[in-house]
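Each remark here refers to the structure printed beneath this line.
Atom set for the values below is all heavy atoms of this structure, side chains included, hydrogens, waters and symmetry mates excluded. So you know, we letter chains A, B, ... as the sequences are listed, proteins then strands, and number each from 1. These numbers were taken from a predicted model, which means no experiment stands behind them.
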Amino acid sequence: MSLFSKVGESEITRAIATTFLEMFGEYSQSDVIVVGAGPAGLMASRELARRGVKVLVIEQNNYLGGGFWIGGYLMNPVTFRAPAQKVLDELGVPYKVFSEGLYIAHGPHACSKLIAAACDAGVKFLNLTKLDDLVIKEGAVRGVVVNWTPVEGLPRQITCVDPIALESKLVIDASGHEAAAVKKLEARGLLKTRGMGAMWVERSEDAVVEHTGVVFPGLIVTGMAVAETYGLPRMGPTFGAMLLSGKRAAEVALEELEKIEVVT
Amino acid sequence: MSSIPVLKIALYNDQRLGPIRIEEVADYVRKLFPFVVVEVRDEFLRYAVNVWGADKRWIAYRLASSRVLEATSCKTVDEPLPGEVFYEERAIFDLSMTLLGVAYEGYALQELFSSLIPREEKRYSLQHIILTSRLLVTREPREGRGHARTIILGIPALISISGIVEAPALEPYTYLKLQFIRSPDLQSLFLEGERRRLGAIRYGDERLTGVVKGYVLQAIFYHLTGEPFCSDKHCRLYNAHTQEELIEAQITSGKLCKKHEEILRKLAFK
């Protein structure tokens with residue numbers, strides 16, 4: 001007698017496909033689509049979902065977490081400057097005080113806790129999904145056009161696979177240095193990014209959090225995409241700003257959703 | 001009896017980067033200059049919007065246009081992004097924003113602030129001294145590059161709180177060592193450690209109030225005599241270029257030199 005129940009291969013396939021397609025169909029129209037599942041995107045999506053917002057995250061890699069798994073130079077410890085340790089408390093991530101105002105946690109522990117918190121809140125994910133374009137309606141971003149990452153990686157002459165569109169009331173660009181959604185607008189001449197700056201490197205964390213917000217109607221920018229958009233100083237492996245920027249993005253999104261509700 | 005007309009100083013507060021005991025600064029000025037009336041006002045931009053009815057959207061646009069993109073040339077942005085304008089508009093009233101990480105062209109900001117002061121408040125007998133959290137950068141033509149500033153004298157006088165922390169240099173050894181650190185975060189941590197080690201002024205520092213007193217004096221001396229600075233390193237009017245000099249002039253000594261005490265006495269009883 002087998003330890004596991006007797007289930008055929010086709011049944012397993014049906015379980016995967018049905019579950020995926022059910023979610024895919026339901027979330028083809030979301031309240032908010034977040035581009036990128038790094039720390040800022042995860043934080044923003046978790047904060048929104050736990051307030052009842054229907055959130056879909058698209059992630060071009062086959063794993064979630066972005067650069068949050070590793071603290072830098074292939075070393076796992078991740079650092080946070082006060083007051084970001086309060087978010088670690090909230091997520092139940094163990095950490096130590098390294099020096100005054102500087103906290104250190106284990107990257108895999110912090111990252112997996114954040115992913116779990118987002119999942120627990122009800123966030124849905126599409127992995128290996130790459131942003132191809134934005135849906136723009138009446139002068140505002142109202143969704144994303146996506147394709148499979150492997151398809152996007154091949155020359156179009158070979159693949160000939162059209163992308164598909166997913167609609168939402170808002171899009172949050174949490175794609176990190178790539179600033180993928182913002183760059184799509186730039187390519188259309190709708191705005192001009194400043195590129196990563198070098199001014200006043202030391203104070204970049206405050207600037208990223210404080211600049212998190214609406215960059216174009218329907219599009220909110222968070223995390224390192226903020227630095228790329230506004231030419232703020234780049235920063236290294238300190239994650240406090242990513243978490244707080246994600247929280248801020250969620251606050252802004254809630255305000256924007258409220259405005260949209262009023263209009264409609 | 002004094003022949004100098006009574007001077008009124010409008011001292012604009014800014015508490016974003018740590019508590020500055022603004023009434024203590026005002027009392028210090030009142031004590032040194034008995035002929036001066038000091039009125040402590042709200043943050044300048046909030047005051048301009050709330051009291052003078054300035055247009056916050058226009059202010060935000062001008063602030064965003066004064067951002068420095070590149071330190072060497074002090075080049076400012078050509079056309080601000082809507083997000084930059086929103087940031088500035090929000091910053092006027094959201095006092096939790098530190099405004100750190102953004103640098104502004106100092107003279108452009110001074111011009112903007114000056115343009116907001118109504119005609120009836122723009123007179124010699126009313127001096128406007130503005131504390132601001134914003135980091136001010138101006139281009140030093142001789143060196144061909146931008147420098148962060150602690151104070152920009154004129155009408156109005158701007159005293160930058162972030163400038164007090166960031167502009168005066170630490171010791172040369174710090175910058176030599178900094179060149180070997182590649183990661184911006186490690187640079188940041190290293191500089192923070194160096195600030196502590198050298199006892200430099202930091203954000204939220206209790207000593208900021210004392211330092212601000214000295215810069216307010218420089219602004220008043222400039223207004224009254226045209227000469228804000230002193231060559232004596234122990235005088236509060238010394239134009240400090242390093243944190244060590246700043247602390248010596250403003251904290252350790254914390255006094256005017258004999259020459260400037262005499263000038264002050266003459267000003268008071270002229």
Side-chain angles (χ1 to χ4, degrees), chain A residues 71-73 75 78-81 83 98-102 104 173 182 185-186 190-217 219-222 225-227 229-241 248 252 255, chain B residues 16-17 64 67-91 94 96-105 133-135 137 146 148 162-163 165-167 178 181-196 202-204:
Chain A
Y73 191 64
M75 295 182 286
V78 284
T79 57
F80 305 85
R81 283 191 252 189
F98 185 78
S99 57
E100 192 191 328
L102 181 66
I104 193 141
D173 187 342
V182 172
L185 292 178
E186 189 171 31
L190 292 172
L191 59 80
K192 186 160 172 26
T193 60
R194 306 250 178 260
M196 199 79 80
M199 280 292 296
W200 207 2
V201 167
E202 267 191 286
R203 306 298 165 199
S204 53
E205 284 203 287
D206 293 74
V208 164
V209 177
E210 291 178 1
H211 282 80
T212 298
V214 176
V215 66
F216 188 84
L219 181 64
I220 292 164
V221 65
T222 183
V226 175
T229 303
Y230 294 114
L232 303 176
R234 67 175 294 275
M235 63 183 120
T238 296
F239 290 96
R248 167 92 191 127
V252 176
E255 288 166 16
Chain B
R16 291 172 193 253
L17 297 176
R67 288 170 165 228
V68 171
L69 284 179
E70 203 266 315
T72 309
S73 63
C74 271
K75 188 183 178 314
T76 53
V77 307
D78 293 328
E79 184 66 30
L81 295 167
E84 290 168 334
V85 179
F86 292 148
Y87 166 90
E88 299 296 352
E89 192 177 333
R90 192 161 60 88
D94 184 351
S96 69
M97 290 170 71
T98 62
L99 313 178
L100 295 173
V102 181
Y104 299 82
E105 206 289 314
S133 299
R134 291 182 164 81
L135 185 70
V137 182
S162 51
V165 177
E166 309 283 348
L178 190 68
I181 302 172
R182 298 289 300 275
S183 154
D185 268 326
L186 294 178
Q187 283 183 353
S188 166
L189 290 172
F190 170 72
L191 282 172
E192 197 54 35
E194 286 290 277
R195 282 203 175 91
R196 284 205 188 107
R202 294 161 59 210
Y203 292 107

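- Within the 4.5 Å cutoff, no side-chain heavy atoms of A/K192 are placed close to those of B/E79.
- In this structure the side chain of B/L81 reaches within 4.5 angstrom of the side chain of A/R194, judged on heavy atoms.
- The main-chain N or O of B/L99 is found under 3.5 Å from a side-chain atom of A/E210 such that the two form a donor-acceptor pair.
- Here the CD atom belonging to B/E192 is positioned 9.5 Å from the OG atom belonging to A/S99, to the nearest 0.5 angstrom.
- In terms of heavy atoms, A/A207 sits closest to B/G101 at CB-CA, 3.8 Å.
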